[in-house]
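Numbered from 1 within each chain, the chains take letters A, B, ... in sequence-line order. Here the structure is a predicted model, which means the values were calculated and not measured.
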Amino acid sequence: MNSLDNEHISFEKVSYTYPEADQRALCDISVTVPRGQYVVLMGSNGAGKTTFCRLLNGVNPHSTGGMLQGTVRVAGLDTKLHRVAELSQKVGLVLEDPEAQLFTGSVKSEVVFGAENLGIERGELADRLQRSLKAVCLEDLMDRVPTALSGGQKQRLAIASVIAMYPEILVLDEPVSQLDPAGCNEVFSVIRELNKKYGLTIIMAAHQSEEIARFCDRILVFAQGRIIGDGSPREIFANKKILTEASIREPQVTALARYLGKKGIQTQGVPVTIEEMEQYLLELWP
Amino acid sequence: MPQPIIEIENIDYYYRGRIKALENISITICENEIVSLIGQNGSGKTTLLKNLLGLLKPSRGRILIDGTDTREARVSELAVIAGLVLQNPDRQIFAETVEKEIAFGPQNLKFPAEEVDRRVEESMKTVGIEQFAHAFPLSLSKGDRAKVIIASVLAMNPRVIVLDEPTTGQDDHGCIQIMETVRELHRKGRTIILATHNMQLVARYSQRTIVLRGGKVLLDGPTREVLARTEILGKTSILPPQIVQLAQSLEKKKGLSFQAVTVEELGEEIIAALNASSH
């Protein structure tokens, strides 16, 4: 179990080429993620984040039909050797557009659809339904029609339908890009809970630097199909070269520290949250 | 004396005659203002923008765009006064080449060929995409595709440009490209209305901010002042940019007062405050 915990996800020299493409979308990626880590993928559009996400549940290569070189292992399974249906029980994938993921007439049926298709019996289904809705704070909306929900509620519903499969890993590809501030907060809050309270390993592609800096364990920076940065939020956001190369915006407080630094005022360390910056600034005051 | 170019007079809007989406909205926007419109989804932002362009007509009250009553004008007549850029450029792009995309509007206004060409040239130059004239628009990067739409709106030469969440799904570089283009258009005299969730953009680019909630105007004033009304913004789950939150927290702890809404502004105010307290 130990090596599985250290390598809940592992990419070994992975390259991926979509059919008919003349260049690789991912080039020679090797990375491991331990169980329970909250990892964020950052980088410009087209850098390889979505390709990476879809390798985790087998959509790449099984559904897209491209060429996979190297080995992707999730929760001990080699994705080349297992179907998407099997991998979906270990890895849940949530996409950017809530509308594109919901297709049934009620919140209830949306959540149980996947589990039902696994032949899981009624009692267990009811249990999974309750727990999944509770985890995303939608218990009160069980009989609603999905189209009547707000963006944030829809996205939480998409998450619930995926976690009802009881996966160990949750992958989210830009889950809040289409949401308003309230929806954003709701969804990020649910993701944090799923990680901290339920122990899910999280892989999330996102741009929202302030939230990322505050809550995630590790950032993988993508540029042109490669990983050019791998570290804590502090390490990554302090690295101007990587930020520029990957077109990533640092949190405002980090930018402020950099601005002050250029004008001769150095903070003790690199702040990535409001609290840290406040502390450093108060230290500077005579 | 800046002239009003948009006059929204006590409008209501009901969907299907029953669902109230806008209530008693009165807003006057003068020429060359750059205004942000913020609010949660469902607050009425998009409904208001559609009313501005005459795509919807108010159920009560009226809207004058450059003196023209939207209820009495056709959408095509209003399109030359106010242009709309949506959040997903791919939903507006349809032509085989960038040139054809941009030429479409003026061609439909039946301008002579030389005038169409002139407008296409100028629009591409203004946004910086001349090198893509013959390119297939969907092959361009996301940021460039957004610029193509902005250029095609510009070719109609509207005095007002309305952008609905233009930086959604853009990476940092794309965001900056789009907003710098918008800023340039503003500098050159256009009136800009920007609907966005991105508070950092609101702070950096707009002089005035209007907050909608439940179809009504919650706040309307200089951006600086609006972003400072934390309690009211909180009622609609809007947080000011991180830099403003930091400034407000520092104010409480040091008994100082900060006006800053951007990184550079707060940087300068902190430097000034540190210098002042060491003397």
Side-chain angles (χ1 to χ4, degrees), chain A residues 42-47 49 96-97 150-152 154 174 176-186 207-211 213-214 243-265 267 271-279 281-282 284-286, chain B residues 38-43 45 87-88 141-143 145 165 167-177 196-200 203-204 233 236-250 252-254 256 260-268 270-271 273-279:
Chain A
M42 299 188 85
S44 61
N45 293 341
K49 308 188 298 293
E96 183 174 349
D97 184 357
S150 70
K154 280 181 181 148
E174 305 220 21
V176 302
S177 290
Q178 313 269 346
L179 304 181
D180 61 15
C184 225
N185 288 342
E186 286 165 27
H207 295 298
Q208 293 74 13
S209 307
E210 283 79 11
E211 166 80 16
R214 206 187 159 96
L243 296 180
T244 311
E245 196 181 330
S247 190
I248 295 173
R249 189 186 54 82
E250 62 209 329
Q252 285 195 308
V253 293
T254 318
L256 177 61
R258 192 188 303 280
Y259 183 89
L260 292 173
K262 282 202 207 130
K263 303 263 170 157
I265 299 176
T267 53
V272 292
T273 66
I274 293 176
E275 292 74 17
E276 284 174 8
M277 187 49 162
E278 198 167 56
Q279 208 179 320
L281 286 176
L282 294 174
L284 292 173
W285 242 276
Chain B
I38 66 179
Q40 299 300 346
N41 289 352
S43 61
K45 284 198 319 294
Q87 82 181 21
N88 186 349
S141 75
K142 239 167 149 173
R145 296 201 307 266
E165 313 280 353
T167 59
T168 303
Q170 295 283 353
D171 57 28
D172 194 41
H173 183 62
C175 249
I176 295 176
Q177 269 188 298
T196 181
H197 292 314
N198 188 325
M199 299 307 290
Q200 294 181 15
R204 185 174 286 282
L233 290 177
T236 187
S237 299
I238 290 177
L239 276 179
Q242 196 184 56
I243 218 73
V244 172
Q245 294 175 53
L246 173 64
Q248 289 171 346
S249 188
L250 281 176
K252 289 202 192 99
K253 301 221 160 84
K254 296 306 287 183
L256 293 165
V261 292
T262 66
V263 167
E264 295 79 13
E265 286 176 2
L266 187 57
E268 290 303 320
I270 288 174
I271 292 169
L274 286 174
N275 284 336
S277 66
S278 64
H279 290 125

If you tally heavy-atom pairs under 4.5 Å between each of B/Lys142, B/Gln200, B/Gln170, B/Glu268 and chain A, the highest tally belongs to B/Gln200
Is the shortest side-chain heavy-atom distance between B/Lys254 and A/Leu282 below 4.5 Å? yes
Which value, rounded to the nearest 0.5 Å, describes the distance between A/Arg249 atom CZ and B/Asp171 atom CG? 12.0 Å
Chain B contact via A/Gln178 - side chain, backbone, both or neither, heavy atoms under 4.5 Å: both
Max heavy-atom pair count under 4.5 Å with chain A, selected residue of B/Ser43, B/Ser278, B/Ser249: B/Ser249
Atom group of A/Ile248 that falls short of 4.5 Å from chain B, counting heavy atoms: backbone
Only pairs of heavy atoms separated by less than 4.5 Å count here; which of A/Pro181, A/Ala47, A/Ser177 has the most with chain B? A/Pro181
Contacting region of A/Leu243 [heavy-atom separation from chain B under 4.5 Å]: neither
Proximity breakdown for A/Leu260 and chain B, heavy-atom pairs closer than 4.5 Å: side chain
Using a cut-off of under 4.5 Å for heavy-atom pairs, which of A/Arg258, A/His207, A/Glu96 has the most such pairs with chain B? A/His207
How long is the straight-line distance from OG1 of B/Thr236 back to CG of A/Asp180, given to the nearest 0.5 Å? 8.5 Å
Among B/Ile270, B/Asp172, B/Ile243, the residue with the most heavy-atom pairs under 4.5 Å to chain A is B/Asp172
To the nearest 0.5 Å, how far apart are CG in A/Leu179 and CG in B/Asn41? 8.0 Å
Given A/Thr244, A/Leu281, A/Leu284, the one with more heavy-atom pairs under 4.5 angstrom with chain B than any other is A/Leu281
Quick one: does any side-chain atom of B/Gln242 pair with a main-chain N or O of A/Val253 as donor and acceptor, under 3.5 Å? yes
The reported gap from CD in B/Gln245 to CD in A/Glu278 (rounded to nearest 0.5 angstrom) is 11.0 Å
Heavy-atom distances under 4.5 Å only: say whether A/Ser44 touches chain B with side chain, backbone, both or neither. both
Please state whether the side chain, the backbone, both or neither of B/Glu165 comes within less than 4.5 Å of a heavy atom of chain A. neither
I need the B/Ile271 CD1 to A/Tyr259 OH distance, nearest 0.5 Å. 6.0 Å
Which value, rounded to the nearest 0.5 Å, describes the distance between A/Glu186 atom CD and B/Ser237 atom OG? 8.0 Å
